[in-house]
Amino acid sequence: MVTRLTNYFLKTLREDPSDAEVISHRLLVRAGYIRRQAPGVFAWLPLGLKVKGKIEQIIREEMTRAGAHEVHFPALLPREPYEVTGRWDEYGDGLFRLKDRKGSDMLLAPTHEEVFTLLVKDLYSSYKDLPLSIYQIQDKYRDEARPRAGLLRGREFTMKDAYSFDYTDAGLDASYMSQRDAYERIFTRLGLEYAIVKADAGAMGGSRSEEFLHPTPVGEDTFVRSAGGYEANVEAWTTLVPPTLDIEGLAAAEVFDTPNTPTIQTLVDVANAEHPRSNGEAWTAADTLKNVVLALKHLDGTRELVIVGLPGDRDVDLKRAEVAFAPAEIEAATEADFAKHPGLVKGYIGPWSENGPVLGEKSATGIRYLLDPRVVAGTSWITGANVDGKHVFGLVAGRDFVGDGVAEVADVRAGDPAPDGSGPVELARGMEIGHVFQLGRKYAESLGLKVLDENGKLVTVTMGSYGIGVTRILAIIAELNNDDNGLIWPETVAPFDVHVVATGKDPAVFDAAETVVADLEAAGFDVLFDDRPKVSPGVKFGDAELIGIPKIVIVGRGVADGVVELWDRRSNERTPVAIADAASRLRG
RNA sequence: CGGGGCGUAGCUCAGCUUGGUAGAGCGCCCGGUUUGGGACCGGGAGGUCGCAGGUUCGAAUCCUGUCGCCCCGACCA
């Protein structure tokens with residue numbers, strides 16, 4: 001195929017658009033691939049659509065290889081199925097909701113678990129029909145609080161979402177691995193580095209969940225990896241629990257005056273100055289127990305205070321807290337919250353007081369008290385004595401206080417030991433490009449998807465859900481492949497195979513260019529032909545660089561000697577070749 | 001939702017402090033000269049200065065309100 005620039009829908013911009021910050025956004029707009037319509041919503045121009053199509057094609061091929069079949073659902077859906085699974089409420093403000101003329105609630109789907117499940121329920125009723133994997137490539141809608149970075153975080157984005165249906169756990173495992181393997185092939189073909197990290201299943205429910213993260217400093221996810229191969233999103237991190245210690249023989253707790261120690265650091269300073277440890281070692285923040293007050297906003301609108309006790313050198317990671325308390329939302333405790341609980345002495349909160357337990361469901365305050373996994377029985381702490389200006393030293397977990405449970409909310413640090421014993425971890429940033437979930441029976445259960453098994457018994461189907469962010473991947477590829485002059489697409493996703501540039505005004509040049517273009521087409525190349533007659537060479541070269549097709553043929557002054565130049569966009573090398581050899585040289 | 005920045009021609013921006021009725025570059029149209037790195041000359045089209053009030057003889061400029069956009073944070077694929 002040959003596409004001529006003289007009648008193509010393309011206009012490049014000489015300057016960066018003022019509303020674009022990240023490189024992929026700037027270049028995709030400047031080079032005429034996309035245009036912004038609304039925050040986080042983009043129109044696709046011909047060039048952009050071609051690249052998107054190339055990525056989708058690779059995904060389709062690998063889905064087919066994995067035995068998944070393509071379908072297509074509407075983006076506009078009725079409320080009911082999402083009401084049944086609870087997601088109409090759980091999605092909160094992130095869901096695009098609208099009403100039709102009759103006043104019925106509709107939504108723009110953020111994902112399609114419900115309708116896929118219902119479709120299979122409509123048509124299938126026997127174990128003989130399973131396993132089944134179906135997928136679609138469809139636009140998704142999420143009303144992000146803050147869309148940003150162009151395509152990297154939009155409110156409309158294209159996603160490949162696949163769903164597997166099995167009636168045994170082993171079957172689900174197999175379907176899951178089949179998709180997971182397909183993802184590895186897809187990202188490898190796209191030339192995208194990825195880490196497969198353990199992820200939090202979160203509001204999606206289910207058990208096993210892994211994210212494909214592309215490591216990049218601009219990523220929004222923090223993940224950890226150990227030298228021994230452990231990789232996990234910090235949201236899914238589980239703390240290595242130390243062994244419990246012997247309580248026998250530990251000294252009794254002692255209360256000391258510690259005026260003006262509202263922060264951990266001031267407390268540690270005072271402790272070292274006035275109450276040094278008996279063995280002479282200095283106290284550190286890790287010897288203190290920090291009790292952080294969190295307010296949970298539950299789905300039904302109720303507000304609950306929870307106090308988390310964690311080592312004083314750790315902070316609460318709000319993302320991890322959201323996971324720990326999902327689906328409730330986390331807010332900082334307000335003055336009003338404290339006013340309702342006069343038993344809490346700000347800055348000196350602790351589980352213990354001379355008058356008995358202060359924190360915990362069975363204590364004086366009745367506030368739920370959860371402990372960091374590191375606060376095991378037999379560990380000894382300096383913590384607030386619930387009296388202004390006093391702390392208690394040597395307070396022993398399991399002897400002097402207990403929690404109502406464990407909470408994984410502390411931040412994860414470089415150097416923390418991996419839970420599988422594979423050594424200390426380092427932290428890295430990544431951008432989520434794919435996610436595989438074992439949903440289990442959550443959706444099938446609530447929507448009533450059951451089949452008859454070999455014994456004629458009704459069994460609930462078990463499902464998996466597998467997503468890839470198509471438009472996000474496009475943006476990441478653009479982010480990775482560019483230079484000062486523009487985009488440089490990998491051949492696998494470039495909008496065209498070859499960009500032919502005819503320069504000058506000599507009719508002989510244009511004749512020669514027609515010959516080259518015809519040869520290339522005959523050789524099977526998809527060709528973009530810059531045949532604009534009155535545009536100077538500088539403009540054409542600049543546009544070619546901006547557009548970023550990796551192989552460029554310059555037809556110009558060399559024509560007099562019977563040669564054209566092959567210009568490699570990435571290496572910037574130009575190689576003269578005979579006009580008649582251009583096509584075969586490029587094919588080789 | 002908090003913090004910051006910005007809305008003036010198709011695009012990128014100046015003008016606003018110190019009010020006097022709108023500019024530049026690029027792009028676009030016509031004519032001509034150019035053609036291997038974003039050419040040049042001449043002529044031209046194009047703007048309710050985001051919107052609404054207010055102050056003033058007079059507002060892009062000052063005041064109030066409002067809407068929108070971008071960035072950081074919270075939140076999210």
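All chains are named by letter (A, B, ...) in the order of the sequence lines, taking the proteins before the strands, and each is independently numbered beginning at 1.
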Select base, sugar-phosphate, or nothing to describe what [X] touches, counting heavy atoms under 4.0 Å on all strands.
X        : value
A:Gly154 : base
A:Asp543 : base
A:Ile554 : base

Please report the distance, rounded to the nearest Å, between [atom1] in [X] and [atom2] in [N].
X        : N     : atom1 : atom2 : value
A:Lys540 : B:A39 : NZ    : C1'   : 15 Å
A:Lys534 : B:G32 : NZ    : C1'   : 11 Å
A:Glu21  : B:G73 : CD    : P     : 12 Å
A:Leu13  : B:G38 : CG    : C1'   : 13 Å
A:Asn572 : B:G36 : CG    : P     : 18 Å
A:Arg30  : B:U12 : CZ    : C1'   : 11 Å
A:Glu144 : B:C75 : CD    : C1'   : 8 Å

Strand-adjacent residues in residues 31-60 of chain A, judged by heavy atoms under 4.0 Å from RNA chain B: A:Arg36, A:Pro39

Please work out which of the three classes, parallel, tilted or perpendicular, describes the rings of A:Tyr141 and A:Phe96, given edges at 30° and 60°. perpendicular

In terms of ring plane angle, is the pair A:Phe496 and A:Tyr8 parallel, tilted or perpendicular, where the classes change at 30° and 60°? perpendicular

Answer with yes or no whether the side chains of A:Gln136 and A:His112 bring together a donor and an acceptor at under 3.5 Å. yes

With distance as the sole criterion, is a donor-acceptor pair present between the side chains of A:Asp161 and A:Thr111 under 3.5 Å? no

Taking only the side-chain nitrogens and oxygens of [X], find out if one of them lies under 4.0 Å from OP1 or OP2 of [N].
X        : N     : result
A:Thr503 : B:U35 : no
A:Arg148 : B:G73 : yes
A:Arg146 : B:C72 : yes

Nearest-Å distance once atom [atom1] is located in both [N] and [M]:
N     : M     : atom1 : answer
B:G27 : B:G10 : C1'   : 7 Å
B:C11 : B:C70 : P     : 15 Å
B:U61 : B:G15 : C1'   : 9 Å
B:G4  : B:G46 : C1'   : 34 Å
B:G47 : B:G36 : P     : 38 Å
B:C49 : B:A14 : C1'   : 13 Å
B:C72 : B:G54 : P     : 39 Å
B:G43 : B:A60 : C1'   : 29 Å

Please determine, for the side chain of [X], which listed nucleotide ([options]) has the closest atom?
X        : options             : answer
A:Ala145 : B:C69, B:G36, B:A74 : B:A74
A:Arg557 : B:G38, B:G36, B:C71 : B:G36
A:Asp19  : B:C75, B:U35, B:C70 : B:C70
A:Ser18  : B:C76, B:C13, B:C69 : B:C13

So is A:Arg97 actually on top of A:Trp88's ring, under 6.0 Å and inside 45° of the axis? yes

Measure the shortest side-chain to side-chain distance between A:Tyr33 and A:Leu45 over non-hydrogen atoms and say whether it is less than 4.5 angstrom. no

Which atoms of nucleotides 24-29 of chain B (N or O only) lie under 3.5 Å from a protein N or O atom, and what are those distances?
from: B:G25; atom 1: N2; to: A:Glu15; atom 2: OE1; distance (Å): 3.3

For [N], the Watson-Crick or wobble partner whose two distances fall under 3.5 Å:
N     : value
B:G25 : B:C11
B:C6  : B:G68
B:G31 : B:C41
B:C75 : none

So how far is it from A:Phe42 CZ to A:Ile34 CD1, rounded to the nearest 0.5 Å? 5.0 Å

Taking the ring centre of each residue, are A:Tyr183 and A:Tyr466 less than 6.0 Å apart? no

How about CG on A:Asp93, more than 12 heavy atoms from neighbouring residues, nucleotides or ligands closer than 6.0 Å, or not? no

With a cut-off of 6.0 Å (strictly less than), are more than 12 heavy atoms of other residues, nucleotides or ligands near CZ of A:Arg35? no

Please output the side-chain donor-acceptor pairs of residues 55-62 of chain A that fall under 3.5 Å, not counting sequence neighbours, one pair per line with the distance.
from: A:Gln57; atom 1: NE2; to: A:Glu61; atom 2: OE2; distance (Å): 3.4
from: A:Arg60; atom 1: NE; to: A:Glu70; atom 2: OE1; distance (Å): 2.7
from: A:Arg60; atom 1: NE; to: A:Glu70; atom 2: OE2; distance (Å): 3.2
from: A:Arg60; atom 1: NH2; to: A:Glu70; atom 2: OE2; distance (Å): 3.0
from: A:Glu61; atom 1: OE1; to: A:Arg189; atom 2: NH1; distance (Å): 3.0
from: A:Glu61; atom 1: OE1; to: A:Arg189; atom 2: NH2; distance (Å): 2.7
from: A:Glu62; atom 1: OE1; to: A:Arg65; atom 2: NE; distance (Å): 2.8
from: A:Glu62; atom 1: OE1; to: A:Arg185; atom 2: NE; distance (Å): 2.5
from: A:Glu62; atom 1: OE1; to: A:Arg185; atom 2: NH2; distance (Å): 3.4
from: A:Glu62; atom 1: OE2; to: A:Arg65; atom 2: NH2; distance (Å): 3.3
from: A:Glu62; atom 1: OE2; to: A:Arg189; atom 2: NH1; distance (Å): 2.8

Salt bridge (charged side-chain N to carboxylate O under 4.0 Å, His left out), that's the test. Do A:Asp19 and A:Arg36 meet it? Break it down for me. CA-CA 9 Å; A:Asp19 62 355; A:Arg36 196 192 73 93; 3.4 Å; yes

